Amino acid sequence: MTSAQQQETTEPAQTTEDTHHEVIIVGAGLSGIAAAASLRENGIDDFLIIERRSGIGGTWHQNTYPGCECDVPSHLYSYEWAPNPDWSRLFAPQDEIRRYIEDVAAKHGVTRRIRFDTTLESARWDEEGQRWEIATDRGSLTCHHLISAVGSIQEPNVDAIKGLKDFKGRTFHSSAWPDGYTGAGERVAVIGTGASSIQITPSLQPHVEHLTVFQRTPSWINPKPNPRIPKMVRRLFRQVPLTYRIMRGALLMGAESVVLSLSHPWMARLFSIPTRLYLRSAVKDPELRRVLTPDYLLGCKRALISSKFYPALQQPNVRLVPRAVARVDATGVIDVDGEHHEVDTIVVATGFHFGNATISDRVIGRAGKTLDELWDGVPSAYRGTIVSGFPNFALLWGPNSGTGSAFAIAEAQMTYV
């Protein structure tokens with residue numbers, strides 16, 4: 001890192017009220033902070049981040065549901081140029097990750113370049129002026145280069161559930177968790193058994209009167225040991241940085257080798273053996289085990305990790321319904337077999353519209369078409385980053401960017417940008 005990234009500049013602060021910048025970044029999540037830091041490292045100081053929310057962190061600012069934590073090891077789920085030797089656990093919780101991103105942004109002079117509570121309404125390429133003309137709900141901006149760092153999991157996927165508005169009780173998506181809500185004494189339905197549900201379900205189970213979990217498709221789940229990292233280990237990482245880099249390198253090699261292996265069916269079958277053994281040991285009821293067993297190869301969908309989900313499903317106040325939801329009425333949920341489940345609260349844990357849907361209908365390129373119109377339902381980008389016909393425009397975590405640590409992918413893409 002250069003000295004520009006190590007401390008706040010002594011020059012007069014650039015005001016976020018300026019209307020023209022060399023670069024405008026959309027989004028102040030982990031990708032947006034990576035973009036800003038990379039620009040400063042390369043001597044580009046004239047940039048602005050616009051963020052529709054009131055805080056830094058993106059996904060980790062938005063999602064505050066109980067049990068929310070990362071499923072990538074903490075020492076890998078961080079910026080390579082901003083090591084954090086003080087992660088408290090192998091898999092860090094949401095608030096710790098959010099604080100880390102906030103601290104990095106402040107330390108490297110990025111926070112003062114963010115305009116919060118500002119929503120992008122449109123971005124149109126001006127061929128004559130060779131610049132982007134941007135409309136926001138707080139005024140107009142222009143820039144020579146535009147970077148989309150909106151992430152790929154921002155828009156809640158609730159469209160497919162019919163009748164939600166008819167429900168007389170409380171209903172909310174996992175990303176809009178009410179402050180302090182525990183479900184105490186209530187009959188609660190959790191729709192979905194994906195990455196958020198397997199964290200929410202064990203957190204609600206001890207508090208609710210009854211919990212009904214709806215599963216459309218089972219997931220492959222591996223155990224998740226998540227010990228606290230001893231103080232002596234954290235001290236070693238601080239005092240001998242090489243040990244931290246070795247740990248990170250080993251985690252990266254392990255993650256990459258697993259992803260590569262799962263592209264070969266015979267390796268996927270081999271890797272599924274311990275996963276099946278875990279399911280067999282954790283779930284004693286043969287019928288429950290049967291409906292929790294996927295009918296596809298490990299790696300065909302996102303594999304999950306949890307040591308708490310299977311035990312929670314087997315508690316007396318929990319019922320797994322291995323069927324999709326057909327619709328919701330005033331008093332509960334109706335599954336595809338027509339069974340009605342009366343509940344007080346519905347937690348929608350169906351994930352997000354994956355991709356850059358947040359702004360793809362608002363970015364207009366050289367031909368006067370939006371990204372949505374160009375893609376026509378099949379998003380694609382060179383190296384997941386740039387799109388022909390959209391000059392000086394880059395996507396971070398664009399279509400088919402890959403899998404693994406979001407930090408590593410954002411950094412790699414910014415190197416290219």
Side-chain angles (χ1 to χ4, degrees), residues 70-73 76-77 90-91 151-153 157 160 192-199 201 213-226 248-310 313 320 322-324 336 349-356 375 377-385 395 397-410 412-413:
C70 194
D71 58 4
V72 176
L76 182 56
Y77 199 75
L90 181 59
F91 297 94
S152 56
I153 48 174
N157 181 23
T193 52
S196 56
S197 174
I198 67 169
Q199 296 178 340
T201 296
V213 181
F214 293 88
Q215 171 189 272
R216 183 183 62 179
T217 307
S219 299
W220 288 111
I221 300 177
N222 284 301
K224 184 181 185 180
N226 194 17
R248 180 184 171 92
L251 290 170
L252 180 59
M253 288 180 63
E256 291 297 306
S257 64
V258 169
V259 171
L260 180 63
S261 298
L262 293 180
S263 66
H264 301 283
W266 72 271
M267 286 294 290
R269 292 187 182 92
L270 183 63
F271 271 90
S272 71
I273 293 174
T275 309
R276 290 179 182 274
L277 290 175
Y278 170 59
L279 175 58
R280 178 173 290 275
S281 65
V283 180
K284 301 304 181 184
D285 179 19
E287 177 57 22
L288 180 59
R289 191 165 62 240
R290 182 187 67 80
V291 298
L292 286 169
T293 303
D295 60 0
Y296 53 86
L297 279 178
L298 180 67
C300 289
K301 291 184 64 176
R302 180 182 180 183
L304 308 178
I305 53 173
S306 174
S307 297
K308 300 177 180 179
F309 183 61
Y310 289 156
L313 289 181
L320 176 71
R323 298 183 293 275
V336 291
T350 50
F352 300 83
H353 292 293
F354 192 81
N356 285 264
W375 286 338
V378 187
S380 64
Y382 181 64
R383 298 191 177 187
T385 308
L395 292 156
W397 267 89
N400 306 308
S401 288
T403 186
S405 170
F407 287 86
I409 291 174
Q413 290 180 319

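Being a predicted model, the structure only gives us computed values, none of them experimental.
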Sub-3.5 Å donor-acceptor pair from the side chain of Asn226 to the main-chain atoms of Phe91, do we have one?
yes

Taking Pro223's backbone N and O only, do any of them form a donor-acceptor pair with Ser307's side chain (distance below 3.5 Å, no angle check)?
no

Validation row: Leu313, Gln215 side chains within 4.5 angstrom (heavy atoms):
no

Heavy-atom nearest pair, Leu298 first then Ala268, reads O-CB, 3.4 Å

Determine whether a donor-acceptor pair (N or O, by modelled atom type, separation under 3.5 Å) exists between the side chain of Arg289 and the backbone of Val283.
yes

Could you pull out the closest heavy-atom pair between Val72 and Ser405, with the gap in Å?
CG1-CB, 4.3 Å

Shortest non-hydrogen contact from Leu292 to Pro218?
O-CB, 3.5 Å

Any donor and acceptor pair, going by atom type alone, linking the side chain of Ser197 with main-chain N or O of Gly192 inside 3.5 Å?
yes

For a side-chain contact (heavy atoms from CB on, under 4.5 Å) check, start with the C-alpha distance between Phe309 and Leu304, then their side-chain angles and the critical distance, and finish with the verdict.
CA-CA 10 Å; Phe309 183 61; Leu304 308 178; over 6 Å; no

Minimum-distance pair of heavy atoms, taken over all atoms of Leu76 and Arg248
O-NH1, 3.4 Å

Roughly how far apart are Phe271 CZ and Ser257 OG, rounded to 0.5 Å?
6.0 Å

Looking at every non-hydrogen atom in both residues, tell me the closest pair between Thr193 and Ser219 and how far apart they are.
O-OG, 3.8 Å

Return the CG to OG1 distance between Leu279 and Thr293, rounded to the nearest 0.5 Å.
4.5 Å

Validation row: Trp220, Tyr296 side chains within 4.5 angstrom (heavy atoms):
yes

As an exercise, state the distance from OG1 of Thr275 to CD1 of Ile305, rounded to the nearest 0.5 Å.
11.5 Å

side-chain contact (heavy atoms from CB on, under 4.5 Å) evaluation trace for Thr201 with Lys308:
CA-CA 9 Å; Thr201 296; Lys308 300 177 180 179; over 6 Å; no

Stepwise side-chain contact (heavy atoms from CB on, under 4.5 Å) test for Arg383 and Gln413
CA-CA 8 Å; Arg383 298 191 177 187; Gln413 290 180 319; over 6 Å; no

So does Arg216 have more than 12 non-hydrogen atoms from other groups sitting under 6.0 Å from CZ?
no

So which heavy atom on Thr385 is nearest to which on Ala381, and how close?
N-CB, 3.7 Å

